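Structure record follows, encoded as C-alpha cells.
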Amino acid sequence: MAFKIIASQCTQCGACLFECASGAIKLKGETYVIDPDKCTECEGVFDTQQCASVCPVPKTCVPATSNSATDTVGVAS
C-alpha cells in the first residue's frame, strides 16, 4: 500500500518532501506527488507516516486506498 497527496489541498510547502524516508515524494508540475512504488508508509522506520504528520493541511496525505470521485490525486506516474 502507499500514500497519496490530494492535489487540490496541497499548498506546495514542501514539508513532506524533506520528511519522506523513502524518497517517494517529488514535485510534479505545481504539486507534490508520491510514487506508490517507492512509498513504504514509513513502516519499519517511523510509527506514523511522516508526510501526513508534517503536512499543514489535515487529510492531504492519505492512504491511497481511500477513494473519492472528487479528489484530484497526486500520484506519480
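Side chains included, hydrogens not; waters and symmetry mates left out as well; all remaining heavy atoms used. Residue numbers count from 1 along this sequence. Since the model is a prediction, treat every value here as computed from it, not as a measurement.
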Using side chain to side chain contact (heavy atoms under 4.5 Å, CB included) as the criterion, list what pairs up with Pro56, not counting sequence neighbours.
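Counting only residues at least two positions away or on another chain, Pro56 forms a side chain to side chain contact (heavy atoms under 4.5 Å, CB included) with Thr11, Cys13.
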
What pairs with Gln12 under side chain to side chain contact (heavy atoms under 4.5 Å, CB included), at least two apart in sequence or on another chain?
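If we apply the side chain to side chain contact (heavy atoms under 4.5 Å, CB included) test to Gln12, skipping adjacent residues, the hits are Cys10, Thr31, Tyr32.
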
Nearest atoms (heavy-atom pairs only) where Lys59 meets Gln9
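Minimum heavy-atom separation between Lys59 and Gln9: O-NE2, 3.1 Å.
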
Return the set of residues passing side-chain hydrogen bond (donor to acceptor under 3.5 Å, both in side chains) with Ser22 (not counting sequence neighbours), or none when no residue passes.
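Residues passing side-chain hydrogen bond (donor to acceptor under 3.5 Å, both in side chains) with Ser22: none at all.
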
When hydrophobic residues are tied together by side-chain contacts of less than 4.5 Å, even through go-betweens, does Ile25 share a cluster with Phe18?
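Hydrophobic grouping puts Ile25 with Phe18.
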
Any link between Leu27 and Phe3 through a network of hydrophobic side chains (Ile, Leu, Val, Met, Phe, Trp, Tyr) touching at under 4.5 Å?
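In one cluster: yes.
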
Say whether, by atom type as modelled, one donor and one acceptor occur between the side chain of Gln50 and the main chain of Cys42 under 3.5 angstrom.
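Absent.
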
Counting only N and O atoms by type, is there a donor-acceptor contact under 3.5 Å from the side chain of Glu19 to the main-chain atoms of Leu17?
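No, Glu19 side chain to Leu17 backbone: no donor-acceptor pair under 3.5 Å.
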
Which residues, ordered by chain and number, are linked to Phe46 in its hydrophobic cluster, where ILVMFWY side chains connect at heavy-atom gaps below 4.5 Å, directly or through other members?
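Taking Ile, Leu, Val, Met, Phe, Trp and Tyr as members, Phe46 shares its hydrophobic cluster with Val45.
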
If we only count heavy atoms from C-beta on, is the Ile5 to Thr60 side-chain gap below 4.5 Å?
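The answer is yes, as the side chains (C-beta and beyond) meet within the 4.5 Å cut-off.
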
Working to the nearest 0.5 Å, report the span between SG of Cys39 and NZ of Lys4.
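Separation between the atoms: 12.5 Å.
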
